[in-house]
Amino acid sequence: MPRPRGPFRYGDRVQLTGPKGRMHTVTLREGGELHTHHGVLKHEQLIGHPDGSVFENSSGHEYLALRPLLRDFVMSMPRGAAIVYPKDAAAIVAQADIFPGAVVVEAGVGSGALSLSLLRAVGTEGRLISFERRAEFAEVARGNVETFFGEMPDFWEVREGDLAEALPRTVEAGSIDRVVLDMLAPWEVMDAVADALTPGGVVICYVATATQLSRVAEYIRGTGAFTEPEANETMVRGWHVEGLAVRPDHRMVAHTGFLISARRLAPGVVAPEVKRRASKNSFSDEDVEIWTPGAVGDRDITDKNLRKRIREAQKGAQGARIASGRTAAADAPAASEAPATDA
């Protein structure tokens, strides 16, 4: 995969940080300009200069130009569905032990935010198979991944359909190293996941609510095919550090979701019994109602908005192809600037 280094070229995605820390994400194109109430900055000013350069706009205001880091790209890329935040993606890679050369299954792909971290972790010697029920979301994810890497990774496969039905037809039993589930009801596919995982393999689920966390934990225990599940959440608190003024930031990225993971036992093995206090572990119809999509905050994106996200993702991918030299800039449609994002 191309490395994000060297002088700026047309088609590169660049973050411009201006007065008061305001950040704008643009795709460099011939004749392109960044217009703000502080003036105009022409894209051609950046061409040929390295990362970390500073440029003046028409009013004399300075802008720092940097290629986005993965976390920056994820937070500003077009979205068809809610994303897995960088802090959670990092925790998933670490807790599931996603290693170079691993064969990983992901469901669902959403907008491709988690896919980017998984692709980097497995490397060119590994393989990532992503499942997504909605074709529109898969299209947005493909565009975002190609935009970031500059090409479509040949070790990434996106399949559209339901994981429970498609997984047994796609992979051999016991051939998958890791399974990452970012979906509303991961318990519905857990039996198929157990069949696909190699002994010692890891399944990790990203769920938004405590009720989802409870049900998936009980289902994992009920299969008898996994070790005792472990659950946690990651919260990040920034700090203001300036001279002797050292204090926590007023805002923090607190709860975004829970992670729950377990490891596949060898076939026919019964794990040692875990002694625990008695608790309510059965479910009534009222309990199940709590886990419906609407009750847990699942929101559908409008078709009009989703079509816009697809166009944005495709334009970003076109810019990446121009930057990598796979498409002539003169023959390619102009890639429009991405919406400005606050730092």
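Hydrogens, waters and symmetry mates play no part in the numbers below; they use all other heavy atoms, side chains included. The model shown is predicted, which means the values in this text are computed figures rather than measured ones.
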Under 4.5 Å between side-chain heavy atoms, hopping through other hydrophobics if needed: is there a path connecting [X] to [Y]?
{"X": "Leu16", "Y": "Leu69", "answer": "no"}
{"X": "Leu265", "Y": "Ile260", "answer": "no"}
{"X": "Val189", "Y": "Tyr219", "answer": "yes"}
{"X": "Val202", "Y": "Val104", "answer": "no"}
{"X": "Met235", "Y": "Tyr85", "answer": "no"}

Between [X] (side chain) and [Y] (backbone), is there a donor-acceptor pair under 3.5 Å?
{"X": "His255", "Y": "Ala208", "result": "yes"}
{"X": "Ser58", "Y": "Val40", "result": "yes"}
{"X": "Lys87", "Y": "Thr234", "result": "yes"}
{"X": "His240", "Y": "Arg247", "result": "no"}
{"X": "Thr209", "Y": "Gln212", "result": "yes"}

Would you indicate whether [X], at its atom [atom1], is surrounded by more than 12 heavy atoms from other residues, nucleotides or ligands within a distance under 6.0 Å?
{"X": "Arg251", "atom1": "CZ", "answer": "no"}
{"X": "Arg67", "atom1": "CZ", "answer": "yes"}
{"X": "His250", "atom1": "NE2", "answer": "no"}
{"X": "Glu230", "atom1": "CD", "answer": "no"}

Would you say that [X] contacts [Y] through its side chain, given a criterion of any heavy-atom pair below 4.5 Å between the two side chains?
{"X": "Val180", "Y": "Tyr206", "value": "no"}
{"X": "Trp156", "Y": "Val158", "value": "yes"}
{"X": "Arg221", "Y": "Glu228", "value": "yes"}
{"X": "Pro186", "Y": "Val207", "value": "yes"}
{"X": "Arg133", "Y": "Asp162", "value": "yes"}
{"X": "Phe99", "Y": "Arg178", "value": "yes"}
{"X": "Leu70", "Y": "Pro86", "value": "no"}
{"X": "Asn232", "Y": "Gln95", "value": "yes"}

How close do [X] and [Y] get, counting heavy atoms only, and between which atoms?
{"X": "Ala313", "Y": "Val140", "value": "CB-O, 3.6 Å"}
{"X": "Pro199", "Y": "Ala266", "value": "CB-CA, 4.1 Å"}
{"X": "Phe131", "Y": "Ile129", "value": "CE1-CG2, 3.6 Å"}
{"X": "Val171", "Y": "Ala196", "value": "CG2-CB, 4.0 Å"}
{"X": "Val145", "Y": "Gly112", "value": "CG2-O, 4.5 Å"}
{"X": "Ala138", "Y": "Val109", "value": "CA-CG1, 4.2 Å"}

Legend entry - Residue pair Arg309, Glu139: steps toward the side chain to side chain contact (heavy atoms under 4.5 Å, CB included) verdict: CA-CA 9 Å; Arg309 298 294 186 269; Glu139 192 66 24; over 6 Å; no

Legend entry - Residues Asp51 and Arg5 bridged, charged N to O under 4.0 Å: no

Inset, instruction - State plainly whether the residues Arg237 and Asp249 are in salt-bridge range, i.e. N to O under 4.0 Å. - result: no

Atom pair [atom1] ([X]) and [atom2] ([Y]), whose distance is rounded to the nearest 0.5 Å:
{"X": "Glu106", "Y": "Ser115", "atom1": "CD", "atom2": "OG", "result": "3.5 Å"}
{"X": "Arg142", "Y": "Thr147", "atom1": "CZ", "atom2": "OG1", "result": "13.5 Å"}
{"X": "Ser130", "Y": "Asp182", "atom1": "OG", "atom2": "CG", "result": "11.0 Å"}
{"X": "Met77", "Y": "Asn144", "atom1": "CE", "atom2": "CG", "result": "4.5 Å"}
{"X": "Phe137", "Y": "Glu132", "atom1": "CZ", "atom2": "CD", "result": "6.5 Å"}
{"X": "Leu28", "Y": "Gln45", "atom1": "CG", "atom2": "CD", "result": "11.0 Å"}

Legend entry - Full working for side chain to side chain contact (heavy atoms under 4.5 Å, CB included) between Phe148 and Arg120: CA-CA 11 Å; Phe148 184 77; Arg120 271 197 167 176; 3.5 Å; yes

Inset, instruction - Describe, in one word, how the ring planes of Phe55 and Phe8 are oriented to each other, choosing from parallel (under 30°), tilted (30 to 60°) and perpendicular (over 60°). - result: tilted

Inset, instruction - Run the numbers on Val203 and Arg264 for side chain to side chain contact (heavy atoms under 4.5 Å, CB included), then give the verdict. - result: CA-CA 8 Å; Val203 59; Arg264 180 69 165 95; over 6 Å; no

Inset, instruction - Please lay out, stage by stage, how Asn57 and His38 fare under the test side chain to side chain contact (heavy atoms under 4.5 Å, CB included). - result: CA-CA 8 Å; Asn57 70 358; His38 289 292; 4.0 Å; yes

Legend entry - Hydrophobic cluster (4.5 angstrom, side-chain heavy atoms) - remaining members for Val246: Trp239, Val241

Legend entry - Side-chain H-bond candidate by donor/acceptor type, Lys315 with Thr27, under 3.5 Å: no

